[in-house]
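Counting begins at 1 with the first residue of the sequence.
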Amino acid sequence: MPVDASEALLCWYAVDKRRLPWRAEGGARPDPYRVWLSEIMLQQTTVATVRPYFERFTTRWPTVAALAAAEEGEVMAAWAGLGYYARARNLLACARLVAAEHGGRFPDDEASLRSLPGIGVYSAAAIAAIAFGRRAVPVDGNVERVLSRLYAVKEPLPAARSKIRALADAMIPDPGAGDFAQAMMDLGSAICTPRSPDCGRCPLRAWCAAFAEGDPEGYPIKAPKAARPHRTGTAYWLEHDGKVLLVRRPARGLLGGMLGLPEIEPAAIAWQEAGAVDHVFTHFALTMRLLCAEIEGQPEGRHGETWSPVDRLGDAGLPTLFAKLAARGLAWREKGKAPAPVRQGTIA
Ligand code: ADE
(Lines give C-alpha, C1' and ligand atoms only; values in the text may rest on other atoms or scores of the structure.)
Protein backbone atom coordinates (compact mmCIF):
# COMPACT_ATOMS: atom_id res chain seq x y z
CA MET A 1 0.00 0.00 0.00
CA PRO A 2 1.36 3.47 -0.86
CA VAL A 3 2.07 5.52 2.25
CA ASP A 4 1.09 8.88 0.86
CA ALA A 5 -0.58 10.58 -2.11
CA SER A 6 2.72 11.21 -3.96
CA GLU A 7 3.71 7.56 -3.78
CA ALA A 8 0.23 6.48 -4.88
CA LEU A 9 0.46 8.83 -7.85
CA LEU A 10 3.89 7.50 -8.88
CA CYS A 11 2.68 3.86 -8.64
CA TRP A 12 -0.30 4.70 -10.85
CA TYR A 13 1.92 6.55 -13.33
CA ALA A 14 4.37 3.64 -13.58
CA VAL A 15 1.53 1.47 -14.89
CA ASP A 16 -0.94 3.83 -16.55
CA LYS A 17 1.15 6.67 -17.97
CA ARG A 18 0.55 7.82 -21.53
CA ARG A 19 3.18 6.50 -23.90
CA LEU A 20 4.40 9.71 -25.52
CA PRO A 21 7.35 10.02 -27.91
CA TRP A 22 9.21 12.48 -25.66
CA ARG A 23 8.97 10.26 -22.60
CA ALA A 24 11.79 7.83 -21.74
CA GLU A 25 10.94 4.22 -20.95
CA GLY A 26 12.31 1.88 -18.31
CA GLY A 27 13.44 4.52 -15.81
CA ALA A 28 15.95 6.13 -18.22
CA ARG A 29 16.46 9.92 -18.08
CA PRO A 30 14.93 11.46 -21.19
CA ASP A 31 16.99 13.49 -23.65
CA PRO A 32 16.79 17.20 -22.57
CA TYR A 33 16.55 18.26 -26.21
CA ARG A 34 13.43 16.14 -26.72
CA VAL A 35 11.92 17.31 -23.41
CA TRP A 36 12.53 20.97 -24.28
CA LEU A 37 11.15 20.57 -27.82
CA SER A 38 8.00 18.83 -26.53
CA GLU A 39 7.40 21.47 -23.85
CA ILE A 40 7.67 24.34 -26.34
CA MET A 41 5.32 22.55 -28.76
CA LEU A 42 2.86 21.78 -25.95
CA GLN A 43 2.50 25.44 -24.95
CA GLN A 44 -1.12 26.25 -25.93
CA THR A 45 -1.35 23.08 -28.08
CA THR A 46 -2.79 19.64 -27.36
CA VAL A 47 -0.80 16.40 -27.09
CA ALA A 48 -2.70 14.93 -30.08
CA THR A 49 -1.73 17.86 -32.32
CA VAL A 50 1.87 17.94 -31.15
CA ARG A 51 2.66 14.23 -31.64
CA PRO A 52 3.20 14.16 -35.46
CA TYR A 53 5.09 17.48 -35.39
CA PHE A 54 7.37 16.17 -32.67
CA GLU A 55 8.09 13.00 -34.68
CA ARG A 56 8.86 15.03 -37.84
CA PHE A 57 11.10 17.54 -36.05
CA THR A 58 13.15 14.91 -34.22
CA THR A 59 13.58 12.81 -37.37
CA ARG A 60 14.77 15.81 -39.33
CA TRP A 61 16.75 17.50 -36.51
CA PRO A 62 17.71 14.78 -34.00
CA THR A 63 19.89 17.06 -31.84
CA VAL A 64 19.91 20.66 -30.69
CA ALA A 65 23.03 21.20 -32.85
CA ALA A 66 21.19 19.96 -35.94
CA LEU A 67 18.25 22.27 -35.22
CA ALA A 68 20.59 25.21 -34.54
CA ALA A 69 22.08 24.74 -38.03
CA ALA A 70 18.68 24.81 -39.76
CA GLU A 71 17.49 27.75 -41.87
CA GLU A 72 14.75 29.82 -40.23
CA GLY A 73 12.50 29.32 -43.28
CA GLU A 74 12.76 25.52 -43.00
CA VAL A 75 11.87 25.58 -39.30
CA MET A 76 8.95 27.95 -39.86
CA ALA A 77 7.65 25.72 -42.68
CA ALA A 78 7.94 22.60 -40.50
CA TRP A 79 6.09 24.45 -37.72
CA ALA A 80 3.24 25.58 -40.02
CA GLY A 81 -0.08 24.51 -38.53
CA LEU A 82 1.08 24.51 -34.89
CA GLY A 83 0.22 28.21 -34.54
CA TYR A 84 1.70 30.93 -32.32
CA TYR A 85 4.65 31.41 -34.66
CA ALA A 86 6.68 33.44 -32.19
CA ARG A 87 7.27 30.06 -30.52
CA ALA A 88 9.03 28.75 -33.65
CA ARG A 89 11.26 31.82 -33.90
CA ASN A 90 12.12 31.52 -30.20
CA LEU A 91 12.71 27.79 -30.63
CA LEU A 92 15.41 28.42 -33.21
CA ALA A 93 16.91 31.33 -31.24
CA CYS A 94 17.07 29.07 -28.17
CA ALA A 95 18.63 26.16 -30.09
CA ARG A 96 21.29 28.50 -31.53
CA LEU A 97 22.06 29.95 -28.10
CA VAL A 98 22.35 26.53 -26.48
CA ALA A 99 24.59 25.33 -29.35
CA ALA A 100 26.80 28.44 -29.38
CA GLU A 101 27.02 29.38 -25.70
CA HIS A 102 26.26 26.25 -23.70
CA GLY A 103 28.26 23.72 -25.76
CA GLY A 104 25.05 22.12 -27.02
CA ARG A 105 23.83 21.20 -23.52
CA PHE A 106 20.73 22.67 -21.94
CA PRO A 107 21.30 24.25 -18.52
CA ASP A 108 19.84 22.06 -15.77
CA ASP A 109 18.21 24.52 -13.36
CA GLU A 110 14.97 26.46 -13.57
CA ALA A 111 16.47 29.97 -13.37
CA SER A 112 18.97 29.39 -16.21
CA LEU A 113 16.33 27.68 -18.33
CA ARG A 114 14.02 30.65 -17.83
CA SER A 115 16.63 33.01 -19.22
CA LEU A 116 16.50 31.23 -22.61
CA PRO A 117 14.20 32.47 -25.40
CA GLY A 118 10.70 30.99 -25.33
CA ILE A 119 11.04 29.26 -21.94
CA GLY A 120 8.58 30.64 -19.38
CA VAL A 121 7.91 29.71 -15.76
CA TYR A 122 5.87 26.59 -16.58
CA SER A 123 8.20 25.22 -19.26
CA ALA A 124 11.32 25.87 -17.13
CA ALA A 125 9.82 23.91 -14.22
CA ALA A 126 8.72 21.09 -16.54
CA ILE A 127 12.13 20.79 -18.23
CA ALA A 128 14.06 21.05 -14.94
CA ALA A 129 11.94 18.29 -13.37
CA ILE A 130 11.50 15.96 -16.35
CA ALA A 131 14.92 16.22 -17.99
CA PHE A 132 17.07 16.79 -14.90
CA GLY A 133 15.09 15.44 -11.93
CA ARG A 134 15.13 18.85 -10.23
CA ARG A 135 12.63 19.62 -7.43
CA ALA A 136 10.18 21.64 -9.49
CA VAL A 137 6.50 21.36 -10.38
CA PRO A 138 5.00 22.93 -13.46
CA VAL A 139 1.61 24.22 -12.28
CA ASP A 140 -1.02 24.85 -14.93
CA GLY A 141 -4.83 24.79 -14.83
CA ASN A 142 -4.87 20.97 -14.71
CA VAL A 143 -2.53 20.78 -11.75
CA GLU A 144 -4.41 23.57 -9.97
CA ARG A 145 -7.59 21.57 -10.34
CA VAL A 146 -6.06 18.34 -8.99
CA LEU A 147 -4.53 20.08 -5.97
CA SER A 148 -7.51 22.25 -5.15
CA ARG A 149 -9.59 19.05 -5.00
CA LEU A 150 -7.02 16.98 -3.15
CA TYR A 151 -6.81 19.61 -0.38
CA ALA A 152 -10.35 21.08 -0.79
CA VAL A 153 -8.82 24.54 -1.14
CA LYS A 154 -11.52 27.02 -0.11
CA GLU A 155 -9.86 30.20 -1.36
CA PRO A 156 -11.00 31.01 -4.86
CA LEU A 157 -8.67 31.15 -7.83
CA PRO A 158 -6.70 33.14 -8.82
CA ALA A 159 -5.92 34.26 -5.22
CA ALA A 160 -5.27 30.64 -4.18
CA ARG A 161 -2.47 30.24 -6.72
CA SER A 162 0.47 30.76 -4.36
CA LYS A 163 -1.07 28.41 -1.78
CA ILE A 164 -1.60 25.73 -4.45
CA ARG A 165 1.98 26.15 -5.61
CA ALA A 166 3.20 25.59 -2.04
CA LEU A 167 0.98 22.49 -1.70
CA ALA A 168 2.41 21.13 -4.96
CA ASP A 169 5.93 21.85 -3.83
CA ALA A 170 5.42 19.99 -0.55
CA MET A 171 4.32 16.88 -2.46
CA ILE A 172 7.34 16.57 -4.79
CA PRO A 173 9.02 13.19 -4.21
CA ASP A 174 12.79 12.93 -4.28
CA PRO A 175 13.79 11.16 -6.41
CA GLY A 176 10.88 11.19 -8.87
CA ALA A 177 10.19 14.90 -9.50
CA GLY A 178 9.98 14.36 -13.27
CA ASP A 179 7.58 11.44 -13.07
CA PHE A 180 5.55 13.32 -10.45
CA ALA A 181 5.16 16.34 -12.76
CA GLN A 182 4.07 14.16 -15.66
CA ALA A 183 1.79 12.05 -13.46
CA MET A 184 -0.01 15.23 -12.38
CA MET A 185 -0.46 16.17 -16.05
CA ASP A 186 -1.83 12.72 -16.93
CA LEU A 187 -4.14 12.62 -13.92
CA GLY A 188 -5.55 16.06 -14.74
CA SER A 189 -6.14 15.16 -18.37
CA ALA A 190 -7.49 11.60 -17.97
CA ILE A 191 -9.17 11.31 -14.55
CA CYS A 192 -9.42 14.54 -12.56
CA THR A 193 -11.24 16.30 -15.40
CA PRO A 194 -13.15 19.60 -15.01
CA ARG A 195 -16.56 17.90 -15.50
CA SER A 196 -17.47 14.39 -14.26
CA PRO A 197 -14.09 13.40 -12.80
CA ASP A 198 -13.56 9.64 -12.87
CA CYS A 199 -13.00 9.31 -9.09
CA GLY A 200 -13.59 5.55 -9.24
CA ARG A 201 -10.27 5.15 -11.07
CA CYS A 202 -8.34 7.84 -9.19
CA PRO A 203 -5.18 6.73 -7.37
CA LEU A 204 -5.55 9.73 -5.00
CA ARG A 205 -9.13 9.04 -3.93
CA ALA A 206 -8.14 7.88 -0.43
CA TRP A 207 -6.42 11.25 0.22
CA CYS A 208 -8.84 13.49 -1.68
CA ALA A 209 -10.67 15.96 0.61
CA ALA A 210 -13.06 17.05 -2.16
CA PHE A 211 -14.01 13.40 -2.80
CA ALA A 212 -14.62 12.95 0.94
CA GLU A 213 -16.85 16.05 0.91
CA GLY A 214 -18.77 14.50 -2.00
CA ASP A 215 -18.32 17.39 -4.43
CA PRO A 216 -15.06 17.22 -6.38
CA GLU A 217 -16.59 19.18 -9.26
CA GLY A 218 -17.12 22.10 -6.89
CA TYR A 219 -13.34 22.69 -6.97
CA PRO A 220 -11.44 24.74 -7.86
CA ILE A 221 -13.55 27.53 -6.43
CA LYS A 222 -13.44 30.47 -8.76
CA ALA A 223 -13.86 34.13 -7.84
CA PRO A 224 -17.03 35.49 -9.44
CA LYS A 225 -16.14 37.27 -12.63
CA ALA A 226 -16.39 41.04 -12.37
CA ALA A 227 -19.18 42.27 -14.63
CA ARG A 228 -17.76 43.54 -17.87
CA PRO A 229 -18.11 47.29 -18.15
CA HIS A 230 -20.13 48.53 -21.08
CA ARG A 231 -18.83 51.34 -23.25
CA THR A 232 -20.27 53.19 -26.18
CA GLY A 233 -18.64 54.93 -29.12
CA THR A 234 -19.17 56.27 -32.62
CA ALA A 235 -17.46 55.32 -35.87
CA TYR A 236 -17.69 57.13 -39.19
CA TRP A 237 -18.18 55.69 -42.66
CA LEU A 238 -17.06 58.42 -45.04
CA GLU A 239 -17.28 57.58 -48.72
CA HIS A 240 -15.81 59.33 -51.72
CA ASP A 241 -15.64 58.06 -55.30
CA GLY A 242 -16.27 54.39 -54.39
CA LYS A 243 -13.73 54.48 -51.56
CA VAL A 244 -14.12 54.59 -47.80
CA LEU A 245 -11.85 56.35 -45.33
CA LEU A 246 -9.81 54.05 -43.05
CA VAL A 247 -7.31 55.05 -40.39
CA ARG A 248 -4.30 53.18 -39.05
CA ARG A 249 -4.78 52.98 -35.27
CA PRO A 250 -1.99 53.99 -32.89
CA ALA A 251 0.46 51.15 -32.19
CA ARG A 252 -0.47 51.04 -28.50
CA GLY A 253 -3.95 50.48 -27.12
CA LEU A 254 -7.03 48.68 -28.30
CA LEU A 255 -6.56 47.01 -31.72
CA GLY A 256 -3.17 48.75 -31.87
CA GLY A 257 -1.65 49.07 -35.32
CA MET A 258 -4.75 47.74 -37.11
CA LEU A 259 -6.83 49.53 -39.70
CA GLY A 260 -10.26 50.75 -38.66
CA LEU A 261 -12.95 53.29 -39.37
CA PRO A 262 -12.32 56.75 -37.91
CA GLU A 263 -13.70 57.37 -34.43
CA ILE A 264 -13.17 61.10 -34.62
CA GLU A 265 -15.52 62.96 -36.94
CA PRO A 266 -13.45 63.24 -40.13
CA ALA A 267 -15.53 65.95 -41.82
CA ALA A 268 -18.00 68.56 -40.66
CA ILE A 269 -20.95 67.33 -42.71
CA ALA A 270 -24.46 66.04 -42.11
CA TRP A 271 -24.18 62.38 -41.11
CA GLN A 272 -26.82 59.72 -41.47
CA GLU A 273 -27.49 57.18 -38.73
CA ALA A 274 -26.81 53.59 -39.82
CA GLY A 275 -27.51 51.74 -36.58
CA ALA A 276 -25.02 50.24 -34.14
CA VAL A 277 -23.06 47.03 -33.55
CA ASP A 278 -22.25 45.24 -30.31
CA HIS A 279 -18.86 43.70 -29.75
CA VAL A 280 -17.34 42.05 -26.68
CA PHE A 281 -13.66 42.49 -25.86
CA THR A 282 -11.91 40.68 -23.01
CA HIS A 283 -12.26 43.58 -20.59
CA PHE A 284 -15.36 45.40 -21.76
CA ALA A 285 -18.38 45.26 -24.03
CA LEU A 286 -18.79 47.92 -26.66
CA THR A 287 -21.78 49.31 -28.53
CA MET A 288 -20.62 51.36 -31.46
CA ARG A 289 -22.92 53.58 -33.46
CA LEU A 290 -22.18 54.11 -37.14
CA LEU A 291 -22.65 57.44 -38.90
CA CYS A 292 -22.42 57.47 -42.68
CA ALA A 293 -21.95 60.08 -45.38
CA GLU A 294 -20.63 60.49 -48.89
CA ILE A 295 -18.73 63.56 -50.03
CA GLU A 296 -18.11 64.77 -53.53
CA GLY A 297 -15.03 66.98 -53.30
CA GLN A 298 -11.57 65.39 -53.28
CA PRO A 299 -10.65 65.17 -49.61
CA GLU A 300 -7.12 65.81 -48.49
CA GLY A 301 -5.39 62.78 -47.00
CA ARG A 302 -3.92 63.06 -43.53
CA HIS A 303 -1.26 61.00 -41.84
CA GLY A 304 -2.41 57.43 -41.20
CA GLU A 305 -5.46 57.74 -43.44
CA THR A 306 -6.13 55.58 -46.48
CA TRP A 307 -9.00 55.48 -48.90
CA SER A 308 -9.89 51.85 -49.48
CA PRO A 309 -12.06 50.73 -52.44
CA VAL A 310 -15.43 49.75 -51.00
CA ASP A 311 -15.63 46.61 -53.15
CA ARG A 312 -12.27 45.39 -51.82
CA LEU A 313 -12.85 46.03 -48.11
CA GLY A 314 -12.77 42.28 -47.52
CA ASP A 315 -9.00 42.36 -48.30
CA ALA A 316 -8.26 45.29 -45.97
CA GLY A 317 -7.71 43.02 -42.93
CA LEU A 318 -10.18 44.85 -40.70
CA PRO A 319 -10.50 43.47 -37.16
CA THR A 320 -13.93 42.01 -36.33
CA LEU A 321 -15.38 45.14 -34.71
CA PHE A 322 -14.70 47.19 -37.85
CA ALA A 323 -15.69 44.36 -40.20
CA LYS A 324 -19.11 44.36 -38.45
CA LEU A 325 -19.35 48.15 -38.80
CA ALA A 326 -18.25 47.95 -42.45
CA ALA A 327 -21.09 45.49 -43.09
CA ARG A 328 -23.47 48.18 -41.78
CA GLY A 329 -21.82 50.77 -44.00
CA LEU A 330 -22.26 48.51 -47.02
CA ALA A 331 -25.93 47.96 -46.10
CA TRP A 332 -26.36 51.74 -45.85
CA ARG A 333 -25.01 52.29 -49.40
CA GLU A 334 -27.19 49.43 -50.75
CA LYS A 335 -30.25 51.24 -49.43
CA GLY A 336 -29.38 54.31 -51.47
CA LYS A 337 -27.36 56.85 -49.65
CA ALA A 338 -27.89 60.52 -50.25
CA PRO A 339 -24.82 62.76 -50.71
CA ALA A 340 -24.31 64.69 -47.53
CA PRO A 341 -24.69 68.43 -47.59
CA VAL A 342 -21.65 70.30 -46.36
CA ARG A 343 -22.22 71.65 -42.82
CA GLN A 344 -19.11 73.76 -42.48
CA GLY A 345 -15.96 73.30 -44.55
CA THR A 346 -15.17 69.89 -46.06
CA ILE A 347 -12.64 67.64 -44.38
CA ALA A 348 -12.19 68.84 -40.81
N1 ADE B 1 1.64 19.25 -21.32
C2 ADE B 1 2.73 20.00 -21.11
N3 ADE B 1 3.82 19.22 -20.93
C4 ADE B 1 3.43 17.94 -21.06
C5 ADE B 1 4.07 16.69 -21.01
N6 ADE B 1 5.38 16.62 -20.79
N7 ADE B 1 3.34 15.58 -21.18
C8 ADE B 1 2.01 15.68 -21.41
N9 ADE B 1 1.34 16.82 -21.47
C10 ADE B 1 2.03 17.95 -21.31
Side-chain angles (χ1 to χ4, degrees), residues 13-14 16-134 136-138 140-142 177-186 188-190:
Y13 181 74
D16 277 355
K17 70 176 167 192
R18 286 177 286 181
R19 262 67 201 177
L20 299 173
W22 48 88
R23 289 187 175 170
E25 292 291 334
R29 230 339 102 85
D31 174 359
Y33 167 65
R34 293 168 71 86
V35 173
W36 160 74
L37 182 62
S38 68
E39 290 304 331
I40 303 303
M41 288 183 165
L42 286 161
Q43 292 167 357
Q44 294 121 339
T45 309
T46 61
V47 166
T49 305
V50 163
R51 245 177 208 274
Y53 282 88
F54 182 85
E55 303 279 20
R56 277 199 296 277
F57 264 69
T58 49
T59 303
R60 189 155 169 199
W61 299 295
T63 62
V64 70
L67 181 60
E71 300 271 338
E72 183 168 287
E74 291 177 274
V75 175
M76 298 307 288
W79 191 274
L82 268 182
Y84 303 96
Y85 292 91
R87 287 188 297 166
R89 273 185 284 275
N90 279 331
L91 184 84
L92 188 55
C94 182
R96 288 181 176 162
L97 209 99
V98 169
E101 289 179 24
H102 297 266
R105 300 165 76 92
F106 280 86
D108 67 0
D109 65 282
E110 266 183 285
S112 314
L113 284 163
R114 243 185 354 240
S115 72
L116 296 173
I119 303 186
V121 173
Y122 177 90
S123 302
I127 300 165
I130 299 169
F132 302 111
R134 292 285 193 152
V137 220
D140 64 358
N142 282 319
D179 281 355
F180 177 76
Q182 295 178 94
M184 278 284 183
M185 295 171 189
D186 285 14
S189 99

Please report the shortest heavy-atom distance between [X] and [Y], naming the atom on each side.
X	Y	value
Leu113	Pro107	CD2-O, 3.3 Å
Ala125	Glu110	CB-OE2, 3.4 Å
Ala177	Ala129	O-CB, 4.0 Å
Ala66	Trp61	O-CD1, 3.5 Å
Leu97	Pro117	CD2-CD, 4.3 Å

Just verifying a value: how many Å separate [X] [atom1] and [Y] [atom2], rounded to the nearest 0.5 Å?
X	Y	atom1	atom2	result
Ile127	Ile119	CD1	CD1	4.0 Å
Leu42	Trp22	CG	CH2	4.5 Å
Asp179	Arg23	CG	CZ	8.5 Å
Arg34	Leu20	CZ	CG	11.5 Å
Glu39	Tyr122	CD	OH	5.5 Å
Gln43	Ser38	CD	OG	10.0 Å

[X] side chain near [Y] side chain, heavy-atom distance below 4.5 Å:
X	Y	answer
Val121	Arg114	yes
Cys94	Phe106	yes
Asp16	Asp186	no
Arg105	Pro32	no

Discussion item. Under a plain distance cut-off of 3.5 Å, with no hydrogens placed, do Ser112 and Ser115 share a side-chain donor-acceptor pair?
Written reply: no
Item to complete: Any pair with a residue in residues 85-103 that passes side chain to side chain donor-acceptor pair (under 3.5 Å), sequence neighbours left out, goes on the list, sorted by first then second residue, please.
Response: Thr45-Arg87
Worksheet item: Are Arg56 and Tyr53 in a cation-pi contact, defined as NZ or CZ under 6.0 Å from the six-membered ring centre and within 45° of the axis?
Response: yes
Practice prompt. Please determine if Arg134 and Asp108 form a salt bridge, counting it only when a charged side-chain N lies under 4.0 Å from a carboxylate O.
Written response: yes
Item to complete: Only counting residues at least two apart or in another chain, list the ones meeting side-chain contact (heavy atoms from CB on, under 4.5 Å) with Ala24.
Response: Ala28, Pro30
Worksheet, complete the sentence: In Leu91, Val98, Asp31, the residue satisfying side chain to side chain contact (heavy atoms under 4.5 Å, CB included) with Trp36 is Leu91
In a table with atom names and distances, give each donor-acceptor pair under 3.5 Å that connects a side chain of residues 69-81 to protein atoms at least two apart or in another chain.
| from | atom 1 | to | atom 2 | distance (Å) |
| --- | --- | --- | --- | --- |
| Glu74 | OE1 | Glu71 | N | 2.8 |
| Glu74 | OE2 | Arg60 | NH2 | 3.1 |
| Trp79 | NE1 | Gly83 | O | 3.0 |

Discussion item. Atom CZ of residue position Arg18 - does it have more than 12 heavy atoms of other residues, nucleotides or ligands inside 6.0 Å?
Written reply: yes
